[in-house]
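Remember, it's a predicted structure, so these values are computed and weren't measured experimentally. Chain identifiers are assigned alphabetically (A, B, ...) following the order of the sequence lines, protein sequences preceding nucleic acid strands; residue numbering begins at 1 within each chain.
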Amino acid sequence: MKFAVKAWSKGRARSGILQIVGGSSCEIAIETPALLLSTRKGLPAFISPDLLPSLPSPDSHILQFSPLHFLEGLTPETMSNCGGLHQMLGLHEYGFVAVPRDSIVCVPECNGTNKIGASFETPCGRLLIKSLEYMKMISSMKPNLWATLADEVPAWVSVKRNKNSVDRTVRWLDECIALSSTGGAVFGAIVGGSSVEERQRCAQEVAKRNVSGYWLGGFGLGESMDERSPLLNAVTDNLPEQKPRQICGLGLPEEVLQGIASGVDLFDSTYIYDLTIGGFALIFPFDQIERNVSDSQPSAIGGDQTKINLKATVYRKDISPIVDGCSCYACQNHTKAYINHLLNVHEMLAQILLEIHNTHHYLGFFRAIRQAIKEGKFEQFRQQFIENRRHQIFAASLGS
Amino acid sequence: MALRFEILGRFNRARAAQLTLPHFVCQTPLFMPVGTQGTIKGLTTSQLEEIGCQIILGNTYHLALRPTSELIDELGGLHKFMNWPRALLTDSGGFQMVSLLHLADITEKGVTFQSPVDGKPMLLTPEESIQIQNRIGADIIMALDDVVRTTITGPRIEEAMYRTLRWIDRCIEAHKRPNEQNLFGIVQGGLDPVLRDICVRGLVDRNLPGYAIGGLSGGEDKDSFWRVVAQCTASLPEDKPRYVMGVGYPLDIVVCSALGADMYDCVYPTRTARFGAALIPEGVLKLKHRAMADDTRPIDPTCMCMVCKNYTRAYIHCLVTKDAMGSQLLSYHNLYYMMKLSNDLHSSIIEGQFPEFVCGFLQKMFPKGDVPEWVCNAMEVAGIDISSCCSPFTSSQY
Ligand SMILES: [Zn+2]
Ligand SMILES: [Zn+2]
């Protein structure tokens with residue numbers, strides 16, 4: 001893995017390039033800030049591998065997975081026999097990033113975690129994962145990047161529990177590095193809950209280790225939007241500039257912008273999964289963010305101007321695509337009326353089409369953010385986006 | 001009549017034909033996947049084209065409930081609504097009512113049933129069924145027939161057969177788009193050769209664009225099943241397509257094609273996929289089975305589909321019945337298998353290799369030579385020598 005920061009917008013936001021080598025020595029260059037596509041067992045929840053190439057390339061070529069998902073059926077030995085994830089999934093032109101948790105079906109369970117290992121609620125029940133086991137999975141799956149095991153705790157735990165989680169996470173980091181036998185790049189996990197001091201302490205400790213990048217854990221676990229920025233800055237200010245930073249748990253557009261403002265480079269896409277399951281489609285404009293704010297109409301259709309709910313009866317006869325001019329497979333081939341019908345009759349094609357559109361749309365949002373950073377206009381972009389949203393939500397509340 | 005049916009090749013009773021429908025030129029024998037609610041579960045229309053699907057089936061009963069035939073009509077028909085450029089067929093809705101609703105009752109007027117929406121009594125007449133199907137706009141529409149379970153015997157079978165004949169005239173009369181949609185009549189008559197014969201003659205007199213053999217695949221024994229098919233195909237006109245309704249096991253399709261049938265439909269390939277089963281030349285592969293967990297072979301090493309080219313049985317094993325992707329990938333493979341089978345039947349007939357194809361098919365499915373007796377009997381009638389794949393001393397029941 002190689003990473004280089006290419007541009008800074010005034011402040012901490014930066015854009016860069018992450019270069020990784022996929023299967024069969026395939027080189028992949030991903031521009032950051034980037035969205036990693038969340039997967040179930042290596043494939044997006046509903047987008048089958050033959051439909052993946054219809055997403056923007058190379059932006060969509062980096063996939064995130066939880067090794068724990070495979071405990072449901074595959075042993076590390078079989079994964080090794082298959083030749084690792086790239087080989088097993090036939091996705092050589094894609095980069096794979098392993099993170100123990102996925103925020104959807106595999107979530108950290110801090111009460112079950114102890115000094116031996118990290119606890120997770122998973123489809124196969126509550127699991128206690130030790131460094132040794134985790135590293136066995138990593139070496140059989142051969143991801144391009146992998147985050148070390150972390151003791152993630154919610155914002156409300158005691159000072160002592162939080163301090164403990166930092167100590168454990170740093171110890172597990174050393175264990176994971178010692179046990180590592182693959183060529184994949186190590187991302188050191190950083191925790192510290194809602195304490196700026198613990199966040200700093202953890203970041204400083206991890207920064208001393210020989211790692212290729214950093215994984216920011218323990219966000220999106222109950223801290224408020226307002227307290228988050230100081231916590232993020234406490235971490236990124238203590239990390240070397242030339243290494244990539246990945247985060248889990250920040251999904252909403254505002255949260256992504258907040259993370260980027262603090263210098264985070266890589267995000268997950270569980271937000272897209274949540275939207276898709278709820279029948280929502282993203283519609284917010286991102287390429288003309290400065291458009292006249294007063295143009296926006298109050299929403300009466302169960303959305304908030306960033307997204308629409310296609311279950312709403314107003315779409316019953318709407319033969320336009322989700323977003324006019326969108327080049328995704330769903331918008332090029334299907335109407336809102338059809339997706340509305342598919343949702344009404346609980347047909348899986350609805351989720352397939354929504355996941356395609358939402359992924360396509362969010363990748364476009366990230367592209368616009370990178371452009372703004374390169375032009376040194378990130379803060380204006382962010383302010384404008386948040387302003388538009390506030391205005392729209394206000395207008396919607398007046399309209400209803 | 002809005003179709004052309006040109007026979008391109010034959011082997012005894014089997015035929016390979018080109019069926020030109022308003023939206024697509026199909027090659028027969030062909031299998032029609034079932035897209036009940038305007039979608040084949042878990043697959044996009046471009047995947048269906050890629051797999052080679054030529055015609056898919058929509059269920060009138062479901063579509064009439066949601067999104068309603070009026071809405072489909074207003075938005076330009078089902079082809080446009082689901083963005084499917086190739087051919088479509090809709091059933092009459094009658095069978096779905098009788099099989100899904102406990103309170104369906106058939107009278108001379110039509111099928112009465114309790115509305116699943118508000119519980120009020122409703123009536124589906126032959127006229128209404130055709131009107132609804134005219135609005136949906138499929139290439140082939142089916143006449144409303146009086147459906148009885150094949151396991152029923154007695155005067156009810158006779159009543160249903162005569163009623164089906166009376167209703168066909170009401171269907172023909174009600175059909176408003178004969179130049180864009182083809183109305184197929186359905187042969188009823190249970191397992192009684194005399195009744196089947198009367199029904200075939202009655203329908204043939206009406207000179208319809210095509211004919212279906214109905215009332216089968218309802219739990220009758222296999223020997224009765226193929227004998228009805230053989231009798232009907234023998235007396236239906238040569239120059240019209242013949243559709244055996246509800247048939248979908250690969251073996252049944254091979255046997256029926258040998259007997260001169262052309263079209264089939266079944267939910268089996270996609271339904272069985274959702275339960276974790278893959279169709280393979282040897283029969284069925286249960287991917288849920290523990291033995292699959294460390295099997296690094298493809299589902300079917302001889303299959304050229306996207307799934308078999310990329311995935312191991314082990315990987316599919318950890319997806320099936322847990323993740324949506326499991327049924328998406330297995331449905332893809334299973335439909336690919338059915339399309340390949342249809343295509344193999346078509347080309348082997350044209351190339352004069354049909355008996356060889358049938359023998360090869362049976363050998364893979366019954367490597368010990370224990371071809372079921374009903375298959376042997378049917379093949380004898382079809383004039384196909386399968387002695388090379390039957391062991392001389394075993395004859396087991398299917
Ligand atoms: Zn789109
Ligand atoms: Zn296959």
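In this structure, no portion of A:P123 lies under 4.5 Å from any heavy atom of chain B. Of the atoms belonging to B:T68, it is side-chain heavy atoms, and not backbone ones, that fall under 4.5 Å from chain A. The parts of B:M325 that come within reach of chain A are both its backbone and its side chain, each placing non-hydrogen atoms under 4.5 angstrom from that chain. Both the backbone and the side chain of A:L74 come within contact range of chain B, with heavy atoms under 4.5 Å apart. In this structure, chain A has no heavy atom under 4.5 Å from any part of B:K80. Heavy-atom distances place no part of B:L65 under 4.5 Å from chain A, backbone and side chain included. In this structure, the portion of A:L342 lying under 4.5 Å from any heavy atom of chain B is its side chain and not its backbone. Using a 4.5 Å cut-off between heavy atoms, B:D294 touches chain A through backbone and side chain atoms alike. Within the 4.5 angstrom heavy-atom criterion, atoms from both the backbone and the side chain of A:E72 approach chain B. When heavy atoms are compared at a cutoff of 4.5 Å, B:Q328 approaches chain A solely by way of its side chain, counted from C-beta outward. For a residue to count as touching a neighbouring chain, one of its non-hydrogen atoms must lie under 4.5 Å from one of that chain's; by this rule A:A45 touches chain B with the backbone only. Neither the backbone nor the side chain of A:T75 comes within contact range of chain B, judged by heavy atoms closer than 4.5 Å.
For B:P67 against A:R316, the heavy-atom pair with the smallest separation is O-NH1, 3.5 Å. Annotation for A:Y329 and B:S46: closest pair OH-OG, 2.5 Å, computed over non-hydrogen atoms. Scanning both residues, B:S327 and A:M348, for their nearest heavy atoms gives OG-CE, 3.4 Å. Across every non-hydrogen atom of B:A293 and A:G73, the tightest pair is CB-O, 3.6 Å. When every heavy atom of B:N310 is checked against every heavy atom of A:G90, the shortest pair comes out as OD1-CA, 4.0 Å. Of all the heavy atoms in B:G42 and A:I352, the pair that sits closest is O-CD1, 3.4 Å.
Crowding of B:F95 atom CZ: a count of heavy atoms from other residues, nucleotides or ligands under 6.0 Å not exceeding 12. Applying the 6.0 Å contact sphere to NZ of A:K336 captures more than 12 heavy atoms from other residues, nucleotides or ligands. Around NE2 of A:H92, the count of heavy atoms belonging to other residues, nucleotides or ligands within 6.0 Å exceeds 12. For NZ of B:K340, the number of neighbouring non-hydrogen atoms (other residues, nucleotides, ligands) closer than 6.0 Å is 12 at most. Counting heavy atoms of neighbouring residues, nucleotides and ligands inside a 6.0 Å radius, atom CD1 of A:I104 exceeds 12 of them. B:R271 CZ: 12 or fewer foreign heavy atoms inside a 6.0 Å radius.
Taking B:H317, B:M82, B:K309 one by one and counting their heavy-atom pairs under 4.5 Å with chain A, the maximum is reached by B:M82. Options B:K322, B:E74, B:M292 differ in how many heavy-atom pairs under 4.5 Å they form with chain A, and the most are formed by B:K322. For the options B:L329, B:T312, B:D295, B:L75, heavy-atom pairs under 4.5 Å to chain A are most numerous at B:L75. When each of A:L89, A:I319, A:L349 is scored by its heavy-atom pairs under 4.5 Å with chain B, the top score falls to A:L89. Residue with the most contacts toward chain B among A:N81, A:L51, A:V105: A:L51 (heavy-atom pairs, distance under 4.5 Å). Ranked by heavy-atom pairs shorter than 4.5 Å toward chain A, the options B:T36, B:L319, B:T39 are led by B:T39. Most heavy-atom pairs under 4.5 Å with chain B, from the set A:D50, A:I47, A:T335: that is A:D50.
One distance of note links CG of A:N333 with OG1 of B:T44; it measures 8.0 Å at 0.5 Å rounding.
Not one N or O on the side chain of B:Y311 forms a donor-acceptor pair closer than 3.5 Å with the backbone of A:M88. In terms of modelled atom types and a separation under 3.5 Å, the side chain of B:N83 and the main chain of A:H334 share no donor-acceptor contact. B:R66 places a side-chain N or O within donor-acceptor distance of the main-chain N or O of A:N344, the cut-off being under 3.5 Å.
The aromatic rings of B:F81 and A:Y338 stand perpendicular to each other, their planes meeting at an angle above 60°, with 30° marking the opposite boundary.
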Does the pair A:H341 and B:Q37 meet the rule for a side-chain contact (heavy atoms from CB on, under 4.5 Å), with working shown?
CA-CA 9 Å; A:H341 163 69; B:Q37 324 217 58; 4.2 Å; yes
Give the intermediate values and the outcome of side-chain contact (heavy atoms from CB on, under 4.5 Å) for residues B:D323 and A:K41.
CA-CA 9 Å; B:D323 298 278; A:K41 298 166 186 166; 2.5 Å; yes
